[in-house]
2 protein chains.
Amino acid sequence: MNKKKVSLKDIAEKAQVSTALVSYVLNGKEKESRVGHEIAVKIKQIAKELNYQPNYLAKSLRSGKTQTIGLIIADISNPFFANIARIVEDEAKKNGYTVIIGSSDETAEKSWDLITVFLNRQVDGFIIVSSENSEEQIHYLIERNVPFVLLDRHFPEIPTDFVSLNSFKAAYDAGSHLIRGGYKNIGLIAYQSQLFHMQERIRGYRFSLEDHRIPFRPEWLKEVGFNTIEEEIKVGIDDMLASEYAVDALIFATYRLAITGLKYINSLGLKVPEDLAIVSFGQAEAFDLYYCPITYVLQPMHELGKTAVEILIQKLKKPDSEKKQILMEAKLMARDSSRPKAPVR
Amino acid sequence: MNKKKVSLKDIAEKAQVSTALVSYVLNGKEKESRVGHEIAVKIKQIAKELNYQPNYLAKSLRSGKTQTIGLIIADISNPFFANIARIVEDEAKKNGYTVIIGSSDETAEKSWDLITVFLNRQVDGFIIVSSENSEEQIHYLIERNVPFVLLDRHFPEIPTDFVSLNSFKAAYDAGSHLIRGGYKNIGLIAYQSQLFHMQERIRGYRFSLEDHRIPFRPEWLKEVGFNTIEEEIKVGIDDMLASEYAVDALIFATYRLAITGLKYINSLGLKVPEDLAIVSFGQAEAFDLYYCPITYVLQPMHELGKTAVEILIQKLKKPDSEKKQILMEAKLMARDSSRPKAPVR
DNA sequence: AATGTATGTTTAATCGATTAAACAAAAAAC
DNA sequence: GTTTTTTGTTTAATCGATTAAACATACATT
């Protein structure tokens, strides 16, 4: 009843040869290992007949390679990461790799867990979207000589391969775009995080103000905690609006912040962009559906994911090749939510 | 430099015992195998010192269990499936399982590929969101005695475990809700697919009309192909609006159809719900952000995912337990996009 | 005939863990 | 003082594949 699995041995028995020959033939080594032609044909035929499928566990145990990549992201249910995951999945598959995905929820702890579990499962390498305070993990991987590539975020003080976004430039562009459109009081809602990419977004934003001689007001910048974004965003926006220098434009540093913020802005009855212009990082179909299409920072997602896989695979082949550190440029997609202000007369 | 991996053997050597003892101790079998207490302590200590991490490949090869679940969904970058994936990931982890995810893009071919690859990697079982024409795959798994649970979709004529939605009821409710709100000409945009859940949605919709004595018009039902949704939805909506019985309300059979359709509706300058009321399957943040919150069919995502994992794990423990076939009920979340029509006077 | 070379196939170790069975020494029973 | 039982430990097979090395022929060369 239960057709059990067909192994090399089964084929060998049926063909009346040793497993060695079967292995050679099925791995296309009949030439190098000078297997008899007739036997080779016979083995192939039997393998097909029995629908032989090699056991990758055994293969991996022997070879020390699992052809598996561990992908650690913040949260697969976040469209940004889901998109990345899909791209990584496809690229990996093209190269004969399978991907195991884990969500860290932006915590170093879960990220550690995932790394441990994935290492026990002998993944060949990692693609990691780092959480705050996870430097220790990175050092551990380096020390253990585990190949990995950081994606979307990196630690400038740790020499690693990475592929991420030029966040400073992207944020600077976002700010400048609004300023050019006539907006003067520009707020930023970011995560409260020491992660470099976030700090860079803040720095880029501030620099855009500075560069255009707009004095920065502390109440324009709100950094919210990962676990309290809903409440904190409300407070932040309230403060920004109540300020003596009430904001007329708002930048969101990530997709999730934007979604949450926009819901609140809607509930306040504010009109975009008349009452409040909007620019956001990340892109998503939600932005297209909004009554006023949202201006966003277009990240080269496909390139990000694809490049990360490429670098990792390159590294798996040549472990000691030079470190690749790639900062990709974002493109501001200007749409209605940040259209130039009607001149005040 | 390269700290290489610590194996049982390394511990055994350091402790001057055989690997058997080490294995017994580290698997908590010191009692049954009557390992000397002092030795046991020593072994544990050395294991900790060397930070021993077992090689799951070896364990799995020996035991025939990988503690891995293969999850096949249509597309991880679709928020609906991404959410499901996250829930499955978390539930599986709670039970000591790891999940490998693959996207089939609704094609039987890719689904076959994934099943093959995952089987070669010796997954213990599958959770599958089936594609059209994939019955053969299901039969194959049954024949091979591979444990699996179908999720979100099932084949009524094949006896399998499954967890899905009562699509007929959900669609019926959606239609009835609109009719009660005074809408008379109600369209449905669905996928052109023989998959049971899709046919049930169509049937439920038609039955709601019938039940309220509204004669069905062929132009009210548009079934679009998976790969041509954009163009076909346009044609479909155009036809529905141009009809002698122009629709005043529209149901979308999935989240992606809704997103695509709403974009087109926006571009036509139609107002929801004044010009066209909307009800959609699936839920997503995009719906909250729409200028007029979209009425949707709330699927018990968490329950769906959790139950699928539970059934699968149960099945892994007791392969011959009875088949679980679960149809969950959806809940219509009425919002502005389908508010009752202002009475015509 | 002796030696060398080419061709074809098998043997056995290996990857890292598990575990039944064998073995050895100490303790208990008669 | 044997025999039996208990306790503690090792041996070796196993999971399914890979592959260097050994082996066994046939054929060619001198």
Side-chain angles (χ1 to χ4, degrees), chain A residues 3-44 46-47 50-68 96 119-124, chain B residues 3-44 46-47 50-68 117 119-124:
Chain A
K3 293 195 191 179
K4 69 159 174 273
K5 247 171 260 123
V6 180
S7 72
L8 264 197
K9 211 169 152 194
D10 298 324
I11 301 181
E13 271 165 21
K14 191 147 186 186
Q16 312 247 54
V17 294
S18 71
T19 60
L21 278 197
V22 180
S23 173
Y24 290 138
V25 170
L26 298 183
N27 288 301
K29 303 214 176 134
E30 25 178 323
K31 287 279 143 50
E32 301 98 294
S33 310
R34 12 174 241 275
V35 179
H37 183 250
E38 276 165 41
I39 277 289
V41 170
K42 186 173 175 191
I43 287 172
K44 281 184 200 157
I46 293 177
L50 301 184
N51 185 29
Y52 170 70
Q53 302 288 139
N55 181 330
Y56 274 77
L57 284 185
K59 263 183 140 87
S60 297
L61 179 57
R62 181 73 219 273
S63 68
K65 305 265 157 260
T66 52
Q67 299 287 113
T68 302
L119 275 180
N120 289 354
R121 285 168 185 268
Q122 315 297 120
V123 296
D124 291 340
Chain B
K3 292 197 193 177
K4 69 159 175 272
K5 249 171 256 122
V6 180
S7 71
L8 264 198
K9 212 169 151 195
D10 298 324
I11 299 181
E13 270 164 23
K14 192 149 187 186
Q16 312 248 55
V17 294
S18 68
T19 60
L21 278 197
V22 180
S23 173
Y24 291 139
V25 170
L26 297 183
N27 288 299
K29 305 216 176 131
E30 24 180 323
K31 287 279 144 48
E32 300 100 293
S33 310
R34 0 174 251 275
V35 179
H37 183 250
E38 276 165 42
I39 280 288
V41 171
K42 187 172 173 193
I43 287 172
K44 280 185 200 156
I46 292 177
L50 299 183
N51 185 28
Y52 168 72
Q53 302 286 139
N55 181 329
Y56 273 76
L57 285 186
K59 263 183 139 87
S60 297
L61 179 58
R62 183 75 221 272
S63 67
K65 304 262 157 266
T66 53
Q67 299 288 110
T68 302
V117 171
L119 274 181
N120 289 354
R121 286 168 185 268
Q122 316 298 120
V123 296
D124 291 341

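Chain identifiers are assigned alphabetically (A, B, ...) following the order of the sequence lines, protein sequences preceding nucleic acid strands; residue numbering begins at 1 within each chain. Side chains included, hydrogens not; waters and symmetry mates left out as well; all remaining heavy atoms used. The model shown is predicted, which means the values in this text are computed figures rather than measured ones.
- Two residues, Ser63(B) and Gly36(B), neighbour DNA chain D, and the one matched to the more 5' nucleotide by heavy-atom proximity is Gly36(B).
- Rounded to whole Å, atom C1' of dG8(C) lies 17 Å from atom CD of Gln16(A).
- The backbone N or O of Thr66(A) sits nowhere less than 3.5 Å from a side-chain atom of Gln122(A) that would complete a donor-acceptor pair.
- Taking atom CG of Leu61(A) as the reference point, atom P of dG16(D) lies 12 Å away to the nearest angstrom.
- Following rounding to the nearest Å, His37(A) (NE2) and dT9(C) (P) show an atom-to-atom distance of 12 Å.
- At whole-Å resolution of the value, CG in Asp10(B) and P in dC15(C) are 11 Å apart.
- Whole-Å rounding puts the Gln53(B) CD to dG16(C) C1' distance at 14 Å.
- Without hydrogens or angle criteria, Ser33(B) side chain to Val35(B) main chain gives no donor-acceptor distance under 3.5 Å.
- For Asn55(B), the side-chain atoms get nearest to dG16(C) when compared with the rest of dG16(C), dT19(C), dT19(D).
- For dG16(D), neither phosphate oxygen OP1 nor OP2 lies less than 4.0 angstrom from any side-chain nitrogen or oxygen of Ser7(A).
- Between Arg121(B) and Gly96(A), the closest heavy-atom pair is NH2-O, 4.3 Å.
- When the side-chain nitrogen and oxygen atoms of Tyr52(A) are compared with OP1 and OP2 of dA17(D), one or more of them lie within a distance under 4.0 Å.
- Set against dA17(D), dA17(C), dT10(C), the side chain of Val17(A) has dT10(C) as its closest nucleotide.
- Here Ser33(B) lies in heavy-atom contact (under 4.0 Å) with a base.
- Distance Lys9(A) NZ to dT11(C) P: 13 Å, rounded to the nearest Å.
- The shortest heavy-atom contact between Asp124(B) and Lys65(B) is OD1-CA, 3.5 Å.
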Please list each protein N or O that sits under 3.5 Å from an N or O in nucleotides 21-24 of chain D, with the distance.
none

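- Counting non-hydrogen atoms under 4.0 angstrom, Ile39(B) reaches the backbone sugars and phosphates but no base.
- Remark: P of dT6(D) and NZ of Lys31(B) are 18 Å apart, rounded to the nearest angstrom.
- Between Lys5(A) and dG16(D), a side-chain N or O to OP1/OP2 separation shorter than 4.0 Å is absent.
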Please tabulate, one pair per line, all N/O donor-acceptor pairs under 3.5 Å involving side-chain atoms of residues 12-24 of chain A, not counting sequence neighbours.
unit_1   : atom_1 : unit_2   : atom_2 : d
Ser18(A) : OG     : Ala20(A) : N      : 3.4
Ser23(A) : OG     : Asn27(A) : ND2    : 3.3

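- Of the possible donor and acceptor atoms, one in the side chain of Asp10(B) sits under 3.5 Å from a partner among the backbone N and O of Ser7(B).
- Evaluation of the salt bridge (Lys or Arg N to Asp or Glu O under 4.0 Å) test over residues 31-41 of chain B, restricted to residues two or more places apart or in two chains, returns none.
- Atom CG in Leu61(B) sits 8.5 Å away from atom CG in Leu57(B) (nearest 0.5 Å).
- Distance Glu13(A) CD to dT10(C) P: 13 Å, rounded to the nearest Å.
- For the OP1/OP2 pair of dG16(D) and a distance below 4.0 Å, the side-chain nitrogens and oxygens of Lys59(A) include no atom meeting the criterion.
- Listed nucleotides: dG16(C), dT19(D), dT9(C). Nearest to the side chain of Ser23(A): dT19(D).
- Listed nucleotides dT11(D), dA17(D), dC15(C) differ in distance to Ala20(B); the shortest reach to its side chain belongs to dT11(D).
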